[in-house]
Amino acid sequence: MCGRYVSPDQAAIESIWHVGRQNQPSLADDLMPPAPFPARYNVAPQQGNPANYIPVVREASRGEPGERELVRLQWWLLPFWAKESRIKFSTFNARVENVANAASFREPLKRRRCIVPALGWYEWQELPTGNLPWFLHAATGELLAFAALWDHWERDGQVIESCSLIVGPANDAFMPIHDRMPFALDEERQAQWLDRSLTDPRRVMALLQPNPDDAIAFHRVGPRVSNARNQGPELMAPLQE
DNA sequence: CCAGACGTTGTT
DNA sequence: GTCTGG
DNA sequence: CCAGACGTTGTT
DNA sequence: GTCTGG
């Protein structure tokens, strides 16, 4: 599962994905704050608070095919068919085992895929004595590109765009600690993942391969990350013994 | 036909 | 136990 | 994801 | 919007 992560600042995202330098206006302009946003070290899923929307890269709605845009979306996918702007069921993660059939995810899987940039993410190891937080990140130190889905909801003039991270079984290296994790896409798969002309669910699903054991490094972190009110780069720092 | 779910993790 | 807020 | 609330009347 | 259960 992936319910807490570290989001890079805007400059880091723009330098990797070459977004945000477009001259022509696009939908992204309505989904971005006026000032560049900072890194956030303890991002949690939430419905209904635009201040906590997360940066997402997707294929631009206008412009050349393959052009990308950076937008901020709610991390809790609100299906286009939902009657209300808040839903009772959980959609901040989509299980890879169900994503092609699930009512909330099957259309986004075909036509509305996106990437969530991350410096890393947190998982909790369940022990009889309590839950211990771990931080996972690219072994190279580069940004991760989580495979994600987005949707567009509109009722009575209100528009909400939202997203969900796809999760699958943990790789062998992390399985002893926690049994689920998100999918980090390499550069080649990112391009295919964002390509809206690719709509065959089987071909899309083939892009979701387990993270190689040597691609993801991890370490224990302190307990302060468990409270989502706590912020700061120290939350992802290795725990001192 | 209509009503109700639509999701995840981790459970007695 | 279950829902909401962060 | 985890932490924290879970309620009412009547109010500075 | 679409599927399942009754």
Checklist entry - Taking the P atom of each, how far is D:dC1 from B:dT8, in whole Å? => result 11 Å

Next on the checklist: Checking side-chain polar atoms at under 3.5 Å, does A:Asn101 have a donor or acceptor matched by the opposite partner on A:Arg106?
Outcome noted: no

Next on the checklist: Any base atoms under 4.0 Å from A:Asn131, or only sugar-phosphate, or nothing? Heavy atoms, all strands.
Outcome noted: sugar-phosphate

Next on the checklist: Is it true that A:Trp134 and A:Gln125 share a donor-acceptor pair across their side chains at a distance under 3.5 Å?
Outcome noted: yes

Item to check | Euclidean distance, atom CE of residue A:Met236 to atom C1' of D:dC1 [Å, nearest integer] | outcome: 17 Å

Next on the checklist: Using a heavy-atom cut-off of 4.0 Å across all strands, would you classify A:Pro45 as base, sugar-phosphate, or nothing?
Outcome noted: base

Item to check | Over 12 foreign heavy atoms within 6.0 Å of CD, A:Glu154 | outcome: yes

Item to check | A:Ile54 CD1 to D:dC1 C1', straight-line distance once rounded to whole Å | outcome: 13 Å

Checklist entry - For A:Glu69 and A:Arg58, what are the C-alpha separation, side-chain angles and deciding distance, and is it a side-chain contact (heavy atoms from CB on, under 4.5 Å)? => result CA-CA 6 Å; A:Glu69 66 181 7; A:Arg58 64 183 179 189; 2.8 Å; yes

Checklist entry - Between B:dA5 atom C1' and A:Leu77 atom CG, what is the distance in whole Å? => result 16 Å

Checklist entry - Reading DNA chain E 5' to 3', which nucleotide is the first, and which the last, to come under 4.0 Å of any heavy atom in chain A? => result E:dG1 to E:dC3

Next on the checklist: Using a 4.0 Å heavy-atom cut-off, does A:Arg86 contact any base of the nucleic acid, only the sugar-phosphate backbone, or nothing at all?
Outcome noted: sugar-phosphate

Checklist entry - So, does A:Arg40 use its side chain to make a donor-acceptor pair with the main chain of A:Ile54 at under 3.5 Å? => result no

Checklist entry - Using a cut-off of 4.0 Å on non-hydrogen atoms, how would the nucleic acid contact of A:Glu126 be classed: base, sugar-phosphate, or nothing? => result sugar-phosphate

Item to check | Between B:dT11 (P) and A:Asp179 (CG): distance, integer Å | outcome: 11 Å

Checklist entry - Looking at A:Trp75, A:Tyr122, A:Tyr41, which one forms a ring pair (Phe, Tyr, Trp, His ring centres under 6.0 Å) with A:Tyr5? => result A:Trp75

Checklist entry - So what does A:Phe92 touch, heavy atoms closer than 4.0 Å: a base, only the sugar-phosphate, or nothing? => result base

Checklist entry - Taking the side chain of A:Trp76 as its heavy atoms from C-beta onward, which of D:dA3, B:dC6, D:dC1 lies nearest to it? => result D:dC1

Checklist entry - B:dC6 P sits how many Å from A:Lys83 NZ, rounded? => result 13 Å

Checklist outcome for this item: The side chain to side chain contact (heavy atoms under 4.5 Å, CB included) partner of A:Phe174 among A:Asp213, A:Asp179, A:Leu136, A:Asn211 is A:Leu136

Next on the checklist: With rounding to the closest Å, how many angstrom separate the P atoms on C:dT4 and B:dA5?
Outcome noted: 15 Å

Next on the checklist: Looking at A:Arg180, I'd like to know whether one of its side-chain N or O atoms comes within less than 4.0 Å of OP1 or OP2 on B:dT8.
Outcome noted: no

Next on the checklist: Going by side-chain contact (heavy atoms from CB on, under 4.5 Å), name the residues that satisfy it together with A:Ala237, two or more places apart in sequence or in a different chain.
Outcome noted: none

Item to check | Touch class at under 4.0 angstrom, heavy-atom based, for A:Tyr122 against every strand present | outcome: nothing

Item to check | A:Leu136 CG to D:dC1 P, straight-line distance once rounded to whole Å | outcome: 15 Å

Checklist entry - Aromatic rings A:Trp76 and A:Phe92: how do their planes relate, parallel, tilted or perpendicular, breaks at 30° and 60°? => result tilted

Checklist entry - Among B:dA5, D:dG4, B:dT8, which is the nearest nucleotide to the side chain of A:Asn227? => result D:dG4

Item to check | Gap in Å between the two C1' atoms, one belonging to B:dT11 and one to B:dG7, rounded | outcome: 16 Å

Next on the checklist: At 4.0 Å (heavy atoms only), tell me whether A:Arg106 reaches a base, stays on the sugar-phosphate, or touches nothing.
Outcome noted: sugar-phosphate

Item to check | Nearest-angstrom distance, C1' atom, B:dG10 to D:dC2 | outcome: 14 Å

Checklist entry - When the C1' atoms of C:dT2 and B:dT9 are considered, how many whole Å apart are they? => result 14 Å

Checklist entry - Looking for any heavy atom pair under 4.0 Å, which part of the strands does A:Ala82 touch: base, sugar-phosphate only, or nothing? => result nothing

Checklist entry - Whole Å only: how far is the CZ atom of A:Arg4 from the C1' atom of B:dT8? => result 15 Å

Checklist entry - What is the nucleic acid contact for A:Asn49, judged by heavy atoms within less than 4.0 Å: base, sugar-phosphate only, or nothing? => result nothing

Checklist entry - Just by distance, with hydrogens left out, do A:Glu126 and A:Trp124 show a side-chain donor and acceptor under 3.5 Å apart? => result no

Checklist entry - So does A:Ser104 get a side-chain nitrogen or oxygen closer than 4.0 Å to the phosphate oxygens (OP1/OP2) of B:dG7? => result yes

Next on the checklist: Check this one for me: any side-chain N or O of A:Asn93 less than 4.0 Å away from OP1 or OP2 of B:dT9?
Outcome noted: no

Checklist outcome for this item: Note, DNA chain B 5' to 3' with Watson-Crick or G-U pairs under 3.5 Å encoded as ( ), [ ], | and . gives ||||||......

Checklist entry - Roughly how many Å is it from CD in A:Gln46 to C1' in D:dC1, rounded to a whole number? => result 12 Å

Checklist entry - Would you say A:His219's side chain and A:Met236's backbone share a donor-acceptor pair under 3.5 angstrom? => result yes

